[in-house]
Amino acid sequence: MIEGAEVREPALQIRDATDVPRALVILLPGGAERGHGRLWRGSPAYLRMLPFQRALPADVTVWRLRYRLRGWNGPAADPVRDLAWALDRARERHPRLPVILIGHSMGGRAALWGAGDPQVTAVCALAPWIEPGDPVGQLAGRTVLIAHGDHDRITDPAASRRYAAAAERAGAHVTFLSVAGDGHGMLRRPRYWHRLVGGFVAARTPRPSTAPTA
């Protein structure tokens with residue numbers, strides 16, 4: 001684990017790959033519109049990402065990001081700043097690994113905003129919080145999956161669908177999935193969500209062919 005020395009530093013909980021890692025996955029939890037308290041490690045938003053970590057292939061390195069602050073906080077966009085910090089660490093420690101961002105709710109918004117980093121190849125946004133005017137140009141050339149429960153009353157599935165269409169027009173390779181019967185917490189069909197994320201990452205990190213060459 002890497003923990004910041006000060007309270008106001010981001011932190012990473014790390015799961016190393018079982019072999020040579022094929023990718024680095026950064027998991028981004030949800031949060032609040034505003035909040036200047038520390039994101040507690042035992043908070044439901046942080047713990048909700050644990051099953052997604054377990055669903056990921058064993059040959060990817062996983063970082064769970066714990067934000068300095070629990071809120072987006074308007075123009076400060078604090079989780080985007082924390083993600084930029086994590087991506088700087090990725091360049092230092094894993095400069096040749098593709099990075100896949102997976103975020104829920106506020107974390108989905110942060111993942112989408114931070115996808116312009118050159119090491120990022122793919123983004124999976126789960127029930128993301130989308131606002132009018134959110135940027136899409138940074139997603140050009142990236143593979144993007146946006147999944148949203150059609151019973152979500154916290155964030156807007158229609159906003160996600162519109163954002164997905166705008167990202168596709170901007171040059172992203174986008175899939176939008178409406179998850180029937182589920183809400184914001186992704187708790188009614190958890191296995192579906194976990195398999196969805198695990199399959200998305202596995203498809204972005206194919207194993208090299210072992211077939212003999214002539």
Side-chain angles (χ1 to χ4, degrees), residues 10 13 25-56 62-74 76-80 82-83 100-115 122-136 139 144-168 172 174-201:
Q13 181 79 33
V25 175
I26 301 179
L27 296 175
L28 301 157
E33 183 176 357
R34 296 190 178 277
H36 290 88
R38 177 69 159 171
L39 181 67
W40 177 45
R41 192 183 303 171
S43 70
Y46 190 71
L47 294 177
R48 183 64 189 91
M49 303 311 290
L50 271 173
F52 290 103
Q53 175 176 305
R54 298 187 190 108
L56 297 176
V62 183
W63 291 0
R64 272 189 300 137
L65 179 62
R66 185 157 63 102
Y67 310 125
R68 295 167 298 120
L69 307 171
R70 65 185 298 269
W72 184 274
N73 300 319
D78 282 308
V80 180
D82 293 346
L83 174 57
I100 300 171
L101 305 178
I102 300 172
H104 173 233
S105 192
M106 184 184 78
R109 190 184 191 194
L112 293 165
W113 279 46
V123 180
C124 179
L126 307 169
W129 168 30
I130 302 293
E131 291 288 338
D134 277 6
V136 294
L139 295 167
V144 179
L145 171 62
I146 299 177
H148 215 130
D150 64 359
H151 283 37
D152 196 326
R153 300 294 180 263
I154 305 298
T155 56
D156 185 2
S160 283
R161 188 184 293 274
R162 291 191 296 269
Y163 186 88
E168 189 164 36
V174 185
T175 300
F176 174 81
L177 291 177
S178 178
V179 182
D182 217 334
H184 191 67
M186 307 176 293
L187 299 174
R188 295 176 186 170
R189 300 178 61 188
R191 292 181 182 177
Y192 174 87
W193 291 95
H194 302 154
R195 288 196 301 266
L196 177 68
V197 170
F200 178 77
V201 171

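Excluded from the calculations below are hydrogen atoms, water molecules and symmetry mates; all remaining heavy atoms, backbone and side chain alike, are included.
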**With sequence neighbours excluded, residues passing ring-ring contact (aromatic ring centres under 6.0 Å, His included) with Trp72** = Trp113, Trp129
**Message:** So which atom in Pro190 and which in Arg48 form the shortest heavy-atom distance, rounded to 0.1 Å?
**Reply:** CB-NH2, 4.5 Å
**Complete:** Sorted by chain and number, sequence neighbours left out, side-chain contact (heavy atoms from CB on, under 4.5 Å) with Arg64 holds for Gln13, Leu27, Tyr46, Met49, Leu50, Gln53
**Asked** What's the shortest heavy-atom distance between His104 and His184, and which atoms?
**Response** NE2-O, 2.9 Å
**Message:** Quick check against the 3.5 Å criterion: does Arg188 have a side-chain atom that pairs as donor or acceptor with the backbone of Gly181?
**Reply:** yes
**Request:** Inspect the surroundings of CZ in Arg161 and state if more than 12 heavy atoms from other residues, nucleotides or ligands are less than 6.0 Å away.
**Result:** no
**Asked** Which heavy atom of Ala147 sits nearest a heavy atom of Val179, and at what distance?
**Response** CB-CG2, 4.4 Å
**Request:** Identify, with sequence neighbours excluded, every residue that meets ring-ring contact (aromatic ring centres under 6.0 Å, His included) alongside Phe52.
**Result:** His194
**Message:** For a quick test of reading the model, state the closest non-hydrogen atom pair linking Leu139 to Ala167 and the distance between them.
**Reply:** CD1-CB, 3.8 Å
**Which residues share a side-chain contact (heavy atoms from CB on, under 4.5 Å) with Asp82, sequence neighbours left out** = Pro10, Leu65, Tyr67, Arg68
**Item:** Close side-chain approach of Leu112 and Tyr163, heavy atoms under 4.5 Å
**Value:** yes
**Prompt:** Hey, is the main chain of Ala127 close enough, under 3.5 Å, to the side chain of Thr155 for a donor-acceptor pair?
**Reply:** yes
**Message:** Heavy-atom count check: over 12 atoms from other residues, nucleotides or ligands less than 6.0 Å from Arg109 CZ?
**Reply:** yes
**Request:** Report the distance from atom CG of Leu187 to atom CG of Asp182, rounding to the nearest 0.5 Å.
**Result:** 7.0 Å
**Prompt:** Out of curiosity, Leu83 CG to Leu28 CG, how far, rounded to the nearest 0.5 Å?
**Reply:** 5.5 Å
**Asked** For Ala111 and Val123, which heavy atoms make the closest approach, and how far apart are they?
**Response** CB-CG1, 3.8 Å
**Request:** Taking all heavy atoms of Asp156 and all of Ala158, pick out the closest pair and write down the distance.
**Result:** OD1-N, 3.0 Å
**Message:** Ser160: which residues meet the side-chain contact (heavy atoms from CB on, under 4.5 Å) condition with it, sequence neighbours left out?
**Reply:** Pro128, Ile130, Ile146, His148, Phe176
**Message:** Let me confirm one number: the CG-CG distance from Leu177 to Leu126, rounded to the nearest 0.5 Å.
**Reply:** 10.0 Å
**Fill in**
Across all chains, not counting sequence neighbours, the ring-ring contact (aromatic ring centres under 6.0 Å, His included) partners of Trp193 are none
**Prompt:** Asp152 side chain to Pro157 main-chain N or O, any donor-acceptor pair under 3.5 Å?
**Reply:** no
